[in-house]
Each structure stands twice: as structure tokens, then as C-alpha cells.
Colleague: 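Can you read through this structure? Questions will come right after.
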Amino acid sequence: MTEETFDVAIIDADSILYQIAHYQPSPALCKKAFDSRLAEIMSEVSAYSGAVFIKGKDNFRYQAASDYKGNRKDTLEPEVKDRLEMLYKYAQDFCIESDNAEADDYCGIAFKLAQEEGKSAIVCHIDKDLDALPGWHYNFRKKEFYKVTPEQGYTFLMKQILMGDATDNIQGIKGLGPKTAEKILSDKPVETLLSVVLDTYRIKCGNTWESDFVKSANLIWIRDSADNCRPLTYKELQEKLQWKITDNGTPLQNDQTTPLDSSTTSKTLKQEDDTLEESN
């Protein structure tokens, strides 16, 4: 629990819709359960208002990588699919559709906007990807509050870009898992982490390092504005992913994205060779 109250609760509702479609047997009960769950979350986080996001039409990530989420199989039973489709149509009347992106992105954009307007906000979700956002979070499945610092959120983002995300079929650096990623980034000044990531891609991916980095970063990074909901170029990603104080958007200490001394990174990677085969 937290004694905080919030001006706005930003809710990623896709997982709620899927859960309800699985266990509620009728359209009426599905709608009632969704309404009740949203009201429950609003009460649990003591928020004065809410913004609820669901998936929309299209997603720029499929332009960045045609195999994005290509490992997922459609295993839903026909009746569950019907209920899910009905729930999404119902939710469209009062939720915000995340067209050309994902609900994660729209949550990130709303979160940043609320912070820039001086509002206290909390992101309500069960998705680890949103842990890259600094600020208050609420896991409504575990009923757990936690706060992510700017340094923690940025480090988590850099780690994800290094190792990718097998759940969404994002490669990252092949064979590089969470333990190795943590060791590569540990004890490094936060303003140098992007350089560490780029240097690691250069060393481990050879001639394809730039395109490999661009693909991973485009798929991993939760967007912070509608203008950025598109595949970004290498130079754009260099600029966007520089270390910043993310609660007000002003730079803390810009990463110049120049490589670290090659011997430093090579030594780190050599020490980790015995763990590079760990699974993501």
C-alpha cells in the first residue's frame, strides 16, 4: 500500500480484457466484470481520474520488423475469441485506442504528459516493459505499488535493448541473456550506458551491428510522443535514447554516444564469454 493519492491513473487494460474473456461466460457478465475491475483499480490507487488504453489499429513495430511477435501462436478457443472481440468493441466507447502503436506507448505518452503538466500520475499494468518509465507503478494483479527512479528505468531500458525480449520475438544480441546484460551495465555511470550498449553491439554483431541495434531499440523503446510512433533511424535513436531526466524532459547529462575505449568493453565481454549462451 501507499499513502499517495494521484491526479490520474493510467491503465493498460489489454490484459484485463483477455483475462475476463477467458472466465466470464456471457457478454453481459464480461462487460460488468470489466467495469468493476476498472473501478476497483481506481479505488485501489486513490486516483481522481483515469485514462484507459487498449490496443488499436496497426502498429508501427511491424514496419520495423516483419517478424515482430512472430513466435506467438493463436491458441484462443472460438468462444473466447468472440467474447474478446465483443469486449474490445464495448471498451472502444470509453477507452483510448492505441492506433499505430501499442497501449504501452500510449501509456508512456500519457505518463510523460501528466508529469510535464505537474500532475501526479501512476501507471497501472502487469507488463514489465512499462518498468522503463520512471515514476509510480501499480501491478493490479499482485496489488503491488512500486516506484521506479529515472536511473532504474533507463538502466532497465538499456538492458532490454541489449538482450531483446523472447516473448515478443525481439532478438537483441544473440546469446546475451539477463545476467550478462546486467554485468555489462553494472557499475557504469548512467550517462555512459548508451555508449556501452552501442559498443557492445559493435563488438558482438560485426557488420550488422547498426541494423541489429536499430531493430532492437525500435521494438523495445516505449514511445514518449505521438511523433515518435514510427520506426526511427539510427541517428534519431541516438538522440532519443540519450540519458535524460525523464520526469520533465530536460537533459541531465547527454551521452555523446561515442564508443568507450574498446579495450574496456572488450575486457568486459571477454569476462562474460562463459555466460553468453544463457537463455533470455
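Counting from 1, the numbers follow the sequence of the chain as shown.
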Colleague: Under the 3.5 angstrom rule, does the side chain of Asp165 hit a backbone N or O of Ile220 as a donor-acceptor pair?
Modeller: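 No; judged by distance alone, with no hydrogens or angles, the pair does not exist.
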
Colleague: Are Leu176 and Trp209 co-members of a hydrophobic cluster defined by side-chain heavy atoms under 4.5 Å apart?
Modeller: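 Hydrophobic grouping puts Trp209 with Leu176.
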
Colleague: Between atom CD1 of Ile54 and atom CD of Gln92, what is the distance when rounded to the nearest 0.5 Å?
Modeller: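 So the CD1 of Ile54 and the CD of Gln92 are separated by 5.5 Å.
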
Colleague: Could you tell me whether Glu4 and Lys147 make a salt bridge, using a distance below 4.0 angstrom between a side-chain N and a carboxylate O?
Modeller: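 Salt bridge: no.
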
Colleague: Indicate yes or no for a side-chain donor-acceptor contact from Ser216 to the backbone of Ile161 under 3.5 Å, with no hydrogens or angles considered.
Modeller: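 Indeed, once roles are kept as given, a pair shorter than 3.5 Å links the two residues.
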
Colleague: Does a sphere of radius 6.0 Å around NZ in Lys119 hold more than 12 heavy atoms from other residues, nucleotides or ligands, not counting ones at 6.0 Å or beyond?
Modeller: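 It does not: Lys119 NZ has 12 such atoms or fewer within range.
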
Colleague: Using side chain to side chain donor-acceptor pair (under 3.5 Å) as the criterion, list what pairs up with Tyr138, not counting sequence neighbours.
Modeller: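 So Tyr138 forms a side chain to side chain donor-acceptor pair (under 3.5 Å) with Glu44.
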
Colleague: Between the main-chain N or O of Asn228 and the side-chain N or O of Arg223, is there a donor-acceptor pair closer than 3.5 Å?
Modeller: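 Answer holds: yes.
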
Colleague: Indicate if Ile20 and Met42 have the same hydrophobic cluster label, given that clusters are the connected sets of ILVMFWY residues with side-chain heavy-atom separations under 4.5 angstrom.
Modeller: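 Cluster IDs for Ile20 and Met42 match.
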
Colleague: Which one of Asp104, Ile11, Ile10, Asp131 satisfies the side chain to side chain contact (heavy atoms under 4.5 Å, CB included) criterion with His125?
Modeller: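 Per the side chain to side chain contact (heavy atoms under 4.5 Å, CB included) rule, the option paired with His125 is Asp131, out of Asp104, Ile11, Ile10, Asp131.
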
Colleague: One thing to verify: whether Lys179 and Glu182 come together as a salt bridge, which I'm taking to mean a side-chain N less than 4.0 angstrom from a carboxylate O.
Modeller: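 So Glu182 does not pair with Lys179 through a salt bridge.
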
Colleague: Does Leu241 belong to the same Ile/Leu/Val/Met/Phe/Trp/Tyr cluster as Phe156, with side-chain heavy atoms less than 4.5 Å apart forming each link?
Modeller: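 Cluster IDs for Leu241 and Phe156 differ.
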
Colleague: Quick one: pull up CD in Glu239 and OG1 in Thr233 and give me the separation to the nearest 0.5 Å.
Modeller: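 Rounded to the nearest 0.5 Å, the CD-OG1 separation comes out at 9.0 Å.
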
Colleague: Return the set of residues passing ring-ring contact (aromatic ring centres under 6.0 Å, His included) with Tyr68 (not counting sequence neighbours), or none when no residue passes.
Modeller: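 So Tyr68 forms a ring-ring contact (aromatic ring centres under 6.0 Å, His included) with Tyr62.
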
Colleague: Within a strict 4.5 Å, meaning less than it, do heavy atoms of the Glu117 and Val8 side chains meet?
Modeller: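 Side chain of Glu117 against side chain of Val8, heavy atoms only: no contact under 4.5 Å found.
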
Colleague: Report the distance from atom OG of Ser46 to atom CD1 of Ile122, rounding to the nearest 0.5 Å.
Modeller: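 Reported to 0.5 Å precision, the distance equals 9.0 Å.
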
Colleague: In terms of hydrophobic clusters joined by side-chain contacts under 4.5 Å, are Phe60 and Ile170 together?
Modeller: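 Phe60 does not cluster with Ile170.
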
Colleague: Say whether, by atom type as modelled, one donor and one acceptor occur between the side chain of Asn100 and the main chain of Asp58 under 3.5 angstrom.
Modeller: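 No, Asn100 side chain to Asp58 backbone: no donor-acceptor pair under 3.5 Å.
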
Colleague: Measuring from Lys183:NZ to Lys188:NZ, what's the distance to the nearest 0.5 Å?
Modeller: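 Here the rounded value is 12.0 Å.
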
Colleague: Of Thr200, Ile173, Val197, Thr208, which meets side chain to side chain contact (heavy atoms under 4.5 Å, CB included) against Phe213?
Modeller: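 With Phe213 as partner, Thr200, Ile173, Val197, Thr208 yield a single side chain to side chain contact (heavy atoms under 4.5 Å, CB included), made by Val197.
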
Colleague: Please determine whether a side-chain nitrogen of the Lys or Arg among Arg72 and Asp168 lies less than 4.0 Å from a carboxylate oxygen of the Asp or Glu.
Modeller: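 So Arg72 pairs with Asp168 through a salt bridge.
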
Colleague: Taking the side chain from Asp7 and the backbone from Ser120, do they hold a donor-acceptor pair closer than 3.5 Å?
Modeller: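 Side chain of Asp7 to backbone of Ser120: a pair is present.
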
Colleague: Could you tell me whether the side chain of Ser36 and the main chain of Ala33 form a donor-acceptor pair under 3.5 Å?
Modeller: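 Such a contact is absent between Ser36 side chain and Ala33 backbone.
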
Colleague: Rounded to the nearest 0.5 Å, what separates atom NZ in Lys69 from atom CG in Leu219?
Modeller: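 Reported to 0.5 Å precision, the distance equals 10.0 Å.
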
Colleague: Assess whether side chain to side chain contact (heavy atoms under 4.5 Å, CB included) is satisfied between Leu17 and Tyr88, documenting all intermediate values.
Modeller: CA-CA 7 Å; Leu17 294 174; Tyr88 269 108; 3.4 Å; yes

Colleague: Take Asn139 and Tyr146 through the side-chain hydrogen bond (donor to acceptor under 3.5 Å, both in side chains) test and state the conclusion after the steps.
Modeller: CA-CA 8 Å; Asn139 184 313; Tyr146 58 100; 5.6 Å; no

Colleague: Is there a donor-acceptor contact under 3.5 Å from the side chain of Thr192 to the main chain of Ser195?
Modeller: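 Absent.
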
Colleague: So do Ile222 and Phe111 actually touch side chain to side chain, heavy atoms under 4.5 Å?
Modeller: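 A side-chain contact under 4.5 Å is absent here.
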
Colleague: Taking only Lys NZ, Arg NE, NH1 and NH2, and the carboxylate oxygens of Asp or Glu, determine whether Asp224 and Lys244 approach each other closer than 4.0 Å.
Modeller: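 A salt bridge is absent here (no side-chain N lies under 4.0 Å from a carboxylate O).
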
Colleague: Check the pair Gln171 / Asp212 against side chain to side chain contact (heavy atoms under 4.5 Å, CB included), numbers first and verdict last.
Modeller: CA-CA 8 Å; Gln171 176 70 58; Asp212 291 346; over 6 Å; no

Colleague: Side chain of Asp67, backbone of Gly70: donor and acceptor closer than 3.5 Å?
Modeller: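 Absent.
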
Colleague: When rounded to the nearest 0.5 angstrom, what distance separates SG in Cys124 from CZ in Phe145?
Modeller: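 Between Cys124 SG and Phe145 CZ, I get 7.5 Å after rounding to 0.5 Å.
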
Colleague: Backbone N or O of Leu29 within a donor-acceptor pair of the Ser26 side chain at under 3.5 Å?
Modeller: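 Judged by distance alone, yes, a pair lies under 3.5 Å.
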
Colleague: Do Val214 and Met158 land in one hydrophobic cluster if side-chain heavy atoms of ILVMFWY residues count as linked below 4.5 Å?
Modeller: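 Yes; Met158 is reachable from Val214 via cluster members.
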
Colleague: Do we see a donor-acceptor contact under 3.5 Å between the side chains of Asn218 and Tyr234?
Modeller: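 Their side chains do not contain a donor-acceptor pair, so the 3.5 Å distance test is not met.
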
Colleague: Which is it for Gln115 and Leu133 under the side chain to side chain contact (heavy atoms under 4.5 Å, CB included) test, yes or no, and what are the steps along the way?
Modeller: CA-CA 11 Å; Gln115 292 170 334; Leu133 302 179; over 6 Å; no

Colleague: Does atom CG (Asp187) have a neighbourhood of more than 12 heavy atoms from anything else shown, all under 6.0 Å?
Modeller: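 Open: at most 12 neighbouring heavy atoms sit under 6.0 Å from CG of Asp187.
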
Colleague: Return yes if some donor-acceptor pair links the side-chain N/O of Tyr154 with the main-chain N/O of Glu191 below 3.5 Å, else return no.
Modeller: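 No; zero donor-acceptor contacts below 3.5 Å.
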
Colleague: What closest approach, in Å, do Ala65 and Lys215 show between heavy atoms, and which atom pair accounts for it?
Modeller: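 What the structure gives for the nearest pair is CB-CE, 3.5 Å.
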
Colleague: Which heavy atom of Arg83 sits nearest to which heavy atom of Gln24, and what is that distance?
Modeller: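 Looks like NE-O, 2.8 Å.
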
Colleague: Is the shortest side-chain N to carboxylate O distance from Glu85 to Lys81 below 4.0 Å?
Modeller: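 Lys81 and Glu85: not salt-bridged.
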
Colleague: Between Leu193 and Leu157, is a side chain to side chain contact (heavy atoms under 4.5 Å, CB included) present by the stated rule, with each step listed?
Modeller: CA-CA 10 Å; Leu193 293 187; Leu157 171 62; over 6 Å; no

